[in-house]
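Single-structure report; data block below.
Predicted model only: the values in this text are computed from it and were never measured.
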Amino acid sequence: MQLDVAFVTVNYNTCALVEELIRFFKAVRLPFSYRLVVVDNNSTDGSQAMLAQELWDGLLYIQTNENLGYGRGMNRGLQAVDSRYACIMNTDLILNQEALFALWSFFEARPEAGVASPVIMGSDHRVQGFLFLPSIWALYSQTISKIRSKSWKLRVEKATAPFAVPGVLGAFFMIRRDLFADSLFDEDFFFYYEDSELAHRYWQRGIPCFVLPQASITHLGGQSTSAEGGRLFQESRRIYLEKCYGAPHTVLLALLDRFRLRFKYYKYLVLSSLIKSSKIRSKYDFYARLIQLTK
């Protein structure tokens with residue numbers, strides 16, 4: 001029997017967060033059939049033992065036996081379950097019954113909707129940057145990017161009814177399963193930007209995407225990134241630019257990114273020589289290491 005919603009998440013060493021998601025879905029009461037699908041990318045923090053011992057029949061546990069990355073792992077989870085809708089989720093979320101019910105009700109009432117998201121809030125109760133806002137000029141200008149982001153955040157905060165947006169990013173969103181076959185994410189991406197590429201692709205296809213301002217969930221993300229994470233970010237950004245904007249922009253923006261990286265390196269080099277601060281020193285160490293990794 002086909003499920004109504006498959007809630008799919010990919011885990012890599014976030015055992016405590018996955019336990020919280022399981023507890024939430026075991027306790028919540030929803031007016032539709034659903035299953036929680038957890039794809040584990042060969043975690044080493046006790047996640048495998050915890051998931052293997054979980055007897056709740058609402059959980060589908062998939063072990064990849066290797067770190068496939070986010071998009072590839074998510075595709076494996078989607079391939080393993082049949083549902084009318086799929087809910088793409090990070091593990092670091094605080095969910096609530098009202099938001100899930102609102103999403104379900106919206107899709108049932110709006111057959112033209114392809115993708116929808118509640119408002120994604122941070123732990124500080126502020127709206128996060130969860131919207132996909134395509135613009136080649138915003139990629140060149142951080143000022144343009146910040147102005148557009150702030151303008152759309154104000155729209156989200158003032159809205160009283162669902163409204164169309166260019167796209168949403170991957171912390172949490174719901175999508176109709178008939179929009180894709182087995183694979184949702186482009187598997188050329190290991191981590192970072194797979195959600196941007198998906199949103200860009202659907203935006204180009206004209207797939208209607210909505211935000212529900214009356215519903216919100218909390219995303220606990222935003223922790224600091226390692227230099228290796230920064231390298232992965234830069235590599236995935238290059239792949240995204242090449243796929244979505246072409247080689248000339250990819251080359252020019254790579255040069256601009258290198259300039260920005262070195263500017264920040266020298267900025268924190270000077271600051272660390274003038275101010276004895278562990279925060280400034282860690283910033284300097286981060287950018288110094290990232291320059292080495294991206295040579």
Side-chain angles (χ1 to χ4, degrees), residues 2-10 21 25 30-39 60 62 69-93 95-96 98-120 128-134 156 162-189 192-217 219 221 240 243-244:
Q2 187 182 44
L3 293 170
D4 290 319
V5 183
F7 293 94
V8 186
T9 193
V10 175
L21 285 178
F25 280 106
L30 296 168
F32 50 84
S33 61
Y34 65 91
R35 201 167 194 189
L36 174 61
V37 182
V38 178
V39 181
L60 174 59
I62 299 170
Y70 182 80
R72 296 169 196 163
M74 189 64 71
N75 286 342
R76 301 304 181 274
L78 292 167
Q79 290 160 8
V81 64
D82 183 26
S83 61
R84 295 174 58 210
Y85 306 104
C87 197
I88 308 303
M89 311 187 308
N90 286 7
T91 58
D92 55 345
L93 300 170
L95 303 177
N96 61 81
E98 293 76 16
L100 302 187
F101 177 74
L103 276 171
W104 162 258
S105 301
F106 177 77
F107 272 107
E108 291 293 280
R110 300 284 291 271
E112 78 280 10
V115 181
S117 172
V119 178
I120 309 298
Q128 290 191 340
F130 70 102
L131 297 180
F132 170 73
L133 306 174
V156 170
F163 65 99
V165 295
V168 293
L169 299 177
F172 182 97
F173 64 86
M174 191 175 284
I175 183 170
R176 291 189 187 276
R177 282 298 298 262
D178 57 14
L179 288 180
F180 63 95
D182 290 331
S183 295
L184 177 66
F185 291 104
D186 186 327
E187 297 197 3
D188 286 346
F189 297 86
Y192 298 117
Y193 274 95
E194 62 282 303
D195 54 346
S196 296
E197 189 281 331
L198 175 68
H200 195 113
R201 193 184 341 139
Y202 280 10
W203 169 70
Q204 288 185 316
R205 286 173 54 186
I207 302 297
C209 180
F210 295 87
V211 167
L212 279 59
Q214 75 275 24
S216 67
I217 63 167
H219 178 217
Y240 166 71
K243 285 177 177 288
C244 297

inquiry  = Any heavy-atom pair between the side chains of Cys209 and Val168 that's under 4.5 Å?
reply    = yes

key: Phe189 vs Lys243 side-chain heavy atoms within contact, under 4.5 Å   = yes

Please find the pair of heavy atoms, one from [X] and one from [Y], that lie closest to each other, and give the distance.
{"X": "Ile217", "Y": "Leu93", "value": "CD1-CD2, 4.1 Å"}
{"X": "Leu198", "Y": "Phe173", "value": "CD2-CZ, 3.9 Å"}
{"X": "Phe130", "Y": "Val119", "value": "CZ-CA, 3.9 Å"}

query = What's the verdict on side-chain contact (heavy atoms from CB on, under 4.5 Å) for Tyr240 and His200, showing C-alpha distance, side-chain angles and the deciding distance?
reply = CA-CA 9 Å; Tyr240 166 71; His200 195 113; 3.1 Å; yes

Sub-3.5 Å donor-acceptor pair from the side chain of [X] to the main-chain atoms of [Y], do we have one?
{"X": "Arg176", "Y": "Phe107", "answer": "yes"}
{"X": "Thr9", "Y": "Met89", "answer": "yes"}
{"X": "Asp195", "Y": "Gly170", "answer": "yes"}
{"X": "Asp82", "Y": "Gln2", "answer": "no"}

task = If the plane angle is over 60° it's perpendicular, under 30° parallel, otherwise tilted; pick one for Tyr34 and Phe25.
result = tilted

inquiry  = Within 45 degrees of the ring normal and closer than 6.0 Å to the centroid, is that where the cationic atom of Arg177 sits relative to Tyr85?
reply    = no

ask   = Does the distance from a Lys or Arg side-chain N to an Asp or Glu carboxylate O, for Asp186 and Arg201, drop under 4.0 Å?
value = no

task = Begin with the C-alpha distance, continue with both residues' side-chain angles, and end with the deciding distance and a verdict on ring pair (Phe, Tyr, Trp, His ring centres under 6.0 Å) for Phe172 and His219.
result = CA-CA 9 Å; Phe172 182 97; His219 178 217; over 10 Å; no

